[in-house]
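As structure tokens, the structure follows; a few thoughts come after it.
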2 protein chains.
Amino acid sequence: MDKTLHHPDRDQIELAAVLDALSDPIRLQIVQRLAKAGEASCSSFLDYGTKTNLTYHLKRLREAGVTRARAEGAFRYISLRNEDLEARFPGVLAAILANIQDAA
Amino acid sequence: MDKTLHHPDRDQIELAAVLDALSDPIRLQIVQRLAKAGEASCSSFLDYGTKTNLTYHLKRLREAGVTRARAEGAFRYISLRNEDLEARFPGVLAAILANIQDAA
DNA sequence: GCAATAGTTCAAGGATTGTTGAACTTATAG
DNA sequence: CTATAAGTTCAACAATCCTTGAACTATTGC
């Protein structure tokens, strides 16, 4: 496994990419849960899809700069890049988070 | 031509669809210009793409509930559904508009 | 060591996206 | 009526997206 997964720098995060990452219902649910839980392992999202599918969606979120992945042993802990996003695109994530409807 | 183009009702507008509509650089530029100009004809966006291509992007914006199209003679005037979006997803459009960088 | 768990990579497939040119409809101008 | 301009529809195409199962790597526990 790559020791350092690819995360874009704060100032390389692009608005269109962030919105694209958040344009999928599954990824919106993931982000909503992260907003509540703060940090969560990949497998805690298994109710949203298969393992492979989650790897895919979590990768899209990460590469868009929406989330960060931290490796700890066999686990990956995912969290929102809240401060980075707020610094780069003030208000955007907060407004979206406030409007994700629960479940689907 | 259809007298009434399809526009979703305010409460049928979905967050994921709005974000998807705004996840394309061309459509972001269109929306930015609409925010400044208030109302504009299709052809006023010709510097962003071909006629056919604009029909495509404007349709995506309209069907997502982001814009409204009003026919007047041979023209179509496009505008943002500002109040509808603010009522449905408070703060979202405003935050995004405030963060679209000019040009590309 | 061996087995189990966490997660990724690969390859495949169908669905959607973005783009274009040609042909079309509708409306205005002369 | 004829010509022109505003937009749309259609058909095609390459590219990307989402989903899956099988095979893989890496870590933990016994």
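Residue numbers begin at 1 in each chain, while the letters A, B, ... track the order of the sequences.
Checked against salt bridge (Lys or Arg N to Asp or Glu O under 4.0 Å), B:Glu63 has no partners two or more places apart in sequence or in another chain. Every residue two or more places apart in sequence or in another chain was checked for a salt bridge (Lys or Arg N to Asp or Glu O under 4.0 Å) with B:Asp24, and none qualifies. Take B:Ser44 and apply the side chain to side chain donor-acceptor pair (under 3.5 Å) test, not counting sequence neighbours, and it matches no residue. For B:Glu83, there are no salt bridge (Lys or Arg N to Asp or Glu O under 4.0 Å) partners, not counting sequence neighbours. By the side chain to side chain donor-acceptor pair (under 3.5 Å) test, A:Asn82 is found to be paired with no residue, residues two or more places apart in sequence or in another chain being considered. B:Arg33 pairs by the salt bridge (Lys or Arg N to Asp or Glu O under 4.0 Å) definition with B:Asp47, not counting sequence neighbours.
Taking the side chain as every heavy atom from C-beta outward, A:Leu80 and A:Arg68 never approach each other to under 4.5 Å.
Between the CZ atom of A:Phe45 and the P atom of C:dG7 there is a distance of 10 Å, given to the nearest Å. In this structure, A:Ile30 atom CD1 and C:dG7 atom P are separated by 13 Å, rounded to whole Å. One interatomic measurement links the two molecules: CG of A:Leu5 to C1' of C:dG7, which rounds to 10 Å at whole-angstrom precision. Counting to the nearest Å, the P atom of D:dG7 and the CG atom of B:Leu46 are 8 Å from each other. As rounded to whole Å, 14 Å separates atom P of D:dC24 from atom NZ of A:Lys51.
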Subject >> Canonical and wobble pairing (Watson-Crick, G-U, under 3.5 Å) of DNA chain D, dot-bracket with | >> reply: ||||||||||||||||||||||||||||||
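Other cluster members for A:Phe75: A:Tyr77, joined by side-chain heavy-atom distances under 4.5 Å among Ile, Leu, Val, Met, Phe, Trp and Tyr.
Counting only residues at least two apart or on different chains, no side-chain hydrogen bond (donor to acceptor under 3.5 Å, both in side chains) pair has a member in residues 85-99 of chain A. Applying the side-chain hydrogen bond (donor to acceptor under 3.5 Å, both in side chains) test to pairs two or more places apart or on separate chains, those with a residue in residues 7-16 of chain B are B:Arg10-B:Asp84.
Shortest non-hydrogen contact noted between B:Ile78 and B:Ala69 is CD1-CB, 4.0 Å.
Picking from C:dT8, D:dG7, C:dA6 the nucleotide with the shortest atom distance to the side chain of A:Arg76 gives C:dT8.
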With the criterion being N/O to N/O and under 3.5 Å, what pairs connect the protein with nucleotides 27-30 of chain C, and how long is each?
from: C:dA27; atom 1: O3'; to: B:Ala74; atom 2: N; distance (Å): 3.3

**OP:** Using a 4.0 Å cut-off on protein heavy atoms (strictly under), produce a 5'-to-3' string for nucleotides 16-22 of chain D with B for base contact, S for backbone-only sugar-phosphate contact, and - for none.
**Re:** -SBBBBB
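A:Ser43 comes within 4.0 angstrom of sugar-phosphate atoms only, judged by non-hydrogen atoms across all strands, and of no base.
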